[in-house]
J.: 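There's a structure below that I have some questions on.
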Amino acid sequence: NNSNTLPLNPKGLAAGGGSNTQKVTLYALLCMLEVDRKKDPVVQGCTTNLAKQDNRYFMVTLAARGEADCLTDGTNCKAEALISDKIGSFGPGGGDGGPGVPLAARTAVPLLGTVEIVPNPNGGGIGVPISTWINANTACPTVGDPINPQSGSYSTCERHEWYGVSEFPADFKCPTSNCACKKGEDKLLSYAQGNNKVLGIDIVIDPKFPCDIFKYTFGVPKTEWQTVKAMVPPSNQLTSCTSLGVNSFGLYWITGDCDIKSNTTIGSVNAPVFLIVSGEMQMHGDMFGILFVTDVEDSGAEFSGNGHGTIYGAAVMDAEMDHFNGTFQIVYLDNVVNQAVDTGAFGAVQGGWTDFHASWQ
């Protein structure tokens, strides 16, 4: 209603249950941030220009006035406290805006099963598909051969080839049991099997890959991972994935092992998840959103597949990739990835608490 005053009943906040002799007023001021990743600092300040706003990131300043020792009619208060605190939004893709490729891997991508990836059709620019972004930076710990075809198969293909239908299903789940990158070479962008390996333009083996992919994704150094975990709502900080299902939505942090079981779907095309797993991750079912596997809490954390698992969205591997005894698929969907990145949380801004002099109005 065009007011910056928040409704707050002071009764019960003060000793004695509160009365007219004590008053509290709370105000809120919204700042939509102008974020320009080409400038330093990235945050250029507040803006009312919609074209400059990134709706994932904003700041709310809460300003509170507390008064006490007032007359019974609420006037002539003899004590006053004026404070403010800043609350900031936190987007899980707070680094470079989230993954723009189906699979980004800090470590080697092993082939002990079948891996199929449907690329971002514009990941390298308009009409330039990117399916896999792999670490070949010699400044990072040794990763070995990023794609080893000795025991397994790897293939990438366009989305319409993978679905094998003229119209994509409304929920974007494979409508049959036969969605796959067909092995005809004219339908594949890249493939590797046995001693045969043909890698197309969709495979980026990057000598400048960021060694700290945690920071690249979240905008926070890996050594400060607790900052990211603290931004996840307490109800979404879990020790396993057993409670997650098709109605799960938003940002989750799993401390421990996560196993997405067969015949299980987590998230949906219109309500995806951003799932951060710090433990052993196994993929047997389906998931809509972004999967981020990290070893920040468990140095032995790894990703593996032992069945038929599909990620509709993207995966970022900040941990070892072990094996795929079955078929592991990633189908990049712009809408799903963007929604997962947009879903954030709120937290107090460090250094945001301020005491004001009585002259503050």
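Since this is a predicted model, take the numbers as computed values, not measurements.
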J.: If I take atom CG from residue D295 and atom OG from residue S278, how far apart are they, to the nearest 0.5 angstrom?
T.: 7.0 Å

J.: State, without any angle test, whether D206 and W133 hold a side-chain donor-acceptor pair at a distance under 3.5 Å.
T.: yes

J.: As an exercise, state the distance from CD of E161 to CG of L189, rounded to the nearest 0.5 Å.
T.: 9.0 Å

J.: Check whether any side-chain heavy atom of F249 sits under 4.5 Å from a side-chain heavy atom of P272, and report yes or no.
T.: yes

J.: Is the Y312 to Y332 ring centre distance short of 6.0 Å?
T.: no

J.: Within the 4.5 Å heavy-atom criterion, are W253 and N236 side-chain neighbours or not?
T.: no

J.: Using a strict 4.0 Å threshold on nitrogen-to-oxygen distance, state whether E297 and K229 make a salt bridge.
T.: yes

J.: Is there side-chain contact between Y191 and Y154, with at least one heavy-atom pair below 4.5 Å?
T.: no

J.: Shortest non-hydrogen contact from A340 to F274?
T.: O-CD1, 3.7 Å

J.: Hey, are the side chains of T132 and P102 touching, using non-hydrogen atoms and a 4.5 Å cut-off?
T.: no

J.: Do V273 and M287 have side-chain heavy atoms sitting under 4.5 Å apart?
T.: yes

J.: Over all heavy atoms of both residues, which pair between I203 and S131 is shortest? Give the atoms and the distance, please.
T.: CD1-OG, 3.4 Å

J.: Among side-chain atoms of Q282 and E280, is any donor-acceptor pair under 3.5 angstrom?
T.: yes

J.: Measure across F292 and I213 and return the closest heavy-atom pair with its distance rounded to 0.1 Å.
T.: CE1-O, 4.3 Å

J.: If every non-hydrogen atom of A315 is compared with every non-hydrogen atom of I311, which pair is closest and at what distance?
T.: CB-CD1, 4.0 Å

J.: What heavy-atom pair brings L333 and F288 nearest, and what distance separates the two atoms?
T.: CD1-CE2, 4.5 Å

J.: Please determine, by modelled atom types, if T156 and D202 share a side-chain donor-acceptor pair under 3.5 angstrom.
T.: yes

J.: With distance as the sole test, does N137 use its side chain to make a donor-acceptor pair with the main-chain N or O of F209 at under 3.5 Å?
T.: yes

J.: Once you round to the nearest 0.5 Å, how far does OG1 of T48 lie from CG of L30?
T.: 11.0 Å

J.: Between K222 and T294, does any side-chain donor sit less than 3.5 Å from a side-chain acceptor?
T.: no

J.: As a quick check of understanding, evaluate side chain to side chain contact (heavy atoms under 4.5 Å, CB included) for T310 and V331, giving each step before the final call.
T.: CA-CA 7 Å; T310 305; V331 181; 4.3 Å; yes

J.: For the NE2 atom of H308 and the SG atom of C179, what is their distance to the nearest 0.5 Å?
T.: 8.0 Å

J.: Run the side chain to side chain contact (heavy atoms under 4.5 Å, CB included) test on I201 and I130 for me, step by step, so that the C-alpha distance in whole Å, both residues' side-chain angles and the decisive distance to 0.1 Å come before the verdict.
T.: CA-CA 7 Å; I201 62 171; I130 300 295; over 6 Å; no

J.: For N49, I'd like to know if atom CG has over 12 heavy atoms of other residues, nucleotides or ligands within 6.0 Å.
T.: yes

J.: Under a plain distance cut-off of 3.5 Å, with no hydrogens placed, do Y27 and T61 share a side-chain donor-acceptor pair?
T.: no

J.: May I ask you to decide whether R106 forms a salt bridge with D212, counting only side-chain N to carboxylate O separations under 4.0 Å?
T.: no

J.: Is a side-chain N or O of N122 found less than 3.5 angstrom from the main chain of G127, in a donor-acceptor match?
T.: yes

J.: Rounded at 0.5 Å granularity, tell me how far OG1 in T264 sits from CG in D286.
T.: 9.0 Å

J.: Using side chain to side chain contact (heavy atoms under 4.5 Å, CB included), reason through V220 and W225 one step at a time and then give a plain yes or no.
T.: CA-CA 7 Å; V220 175; W225 60 268; over 6 Å; no

J.: Hydrogens and angles aside, do T47 and E34 bring a side-chain donor and acceptor to less than 3.5 Å of each other?
T.: no

J.: Of I276, L275, I290, which meets side chain to side chain contact (heavy atoms under 4.5 Å, CB included) against L251?
T.: I276

J.: Quick one, I254 with Q237, criterion side chain to side chain contact (heavy atoms under 4.5 Å, CB included). Give me CA distance, side-chain angles, the key distance, then yes/no.
T.: CA-CA 6 Å; I254 310 298; Q237 296 183 28; over 6 Å; no

J.: Does R159 make a cation-pi contact with F168, if we ask for NZ or CZ under 6.0 Å from the ring centre and within 45° of the axis?
T.: yes

J.: Please determine, by modelled atom types, if K182 and S155 share a side-chain donor-acceptor pair under 3.5 angstrom.
T.: no

J.: Go through the side-chain N and O atoms of S268 and N270 and say whether any donor and acceptor fall under 3.5 Å apart.
T.: no

J.: Does the side chain of V101 reach to within under 4.5 Å of the side chain of N120, using non-hydrogen atoms?
T.: no

J.: At what distance, to the nearest 0.5 angstrom, does CD of E116 lie from SG of C157?
T.: 6.5 Å

J.: Assigning hydrophobic clusters by single linkage (Ile, Leu, Val, Met, Phe, Trp, Tyr; side-chain heavy-atom cutoff under 4.5 Å), is V60 placed with L29?
T.: no

J.: Which heavy atom in W162 sits nearest to a heavy atom in C174, and how many Å separate them?
T.: CH2-CB, 3.9 Å

J.: Within the structure provided, determine whether I260 and M281 are in side-chain contact (heavy-atom separation under 4.5 Å).
T.: yes

J.: With a 4.5 Å limit on heavy-atom distance, are the side chains of P210 and K215 in contact?
T.: no

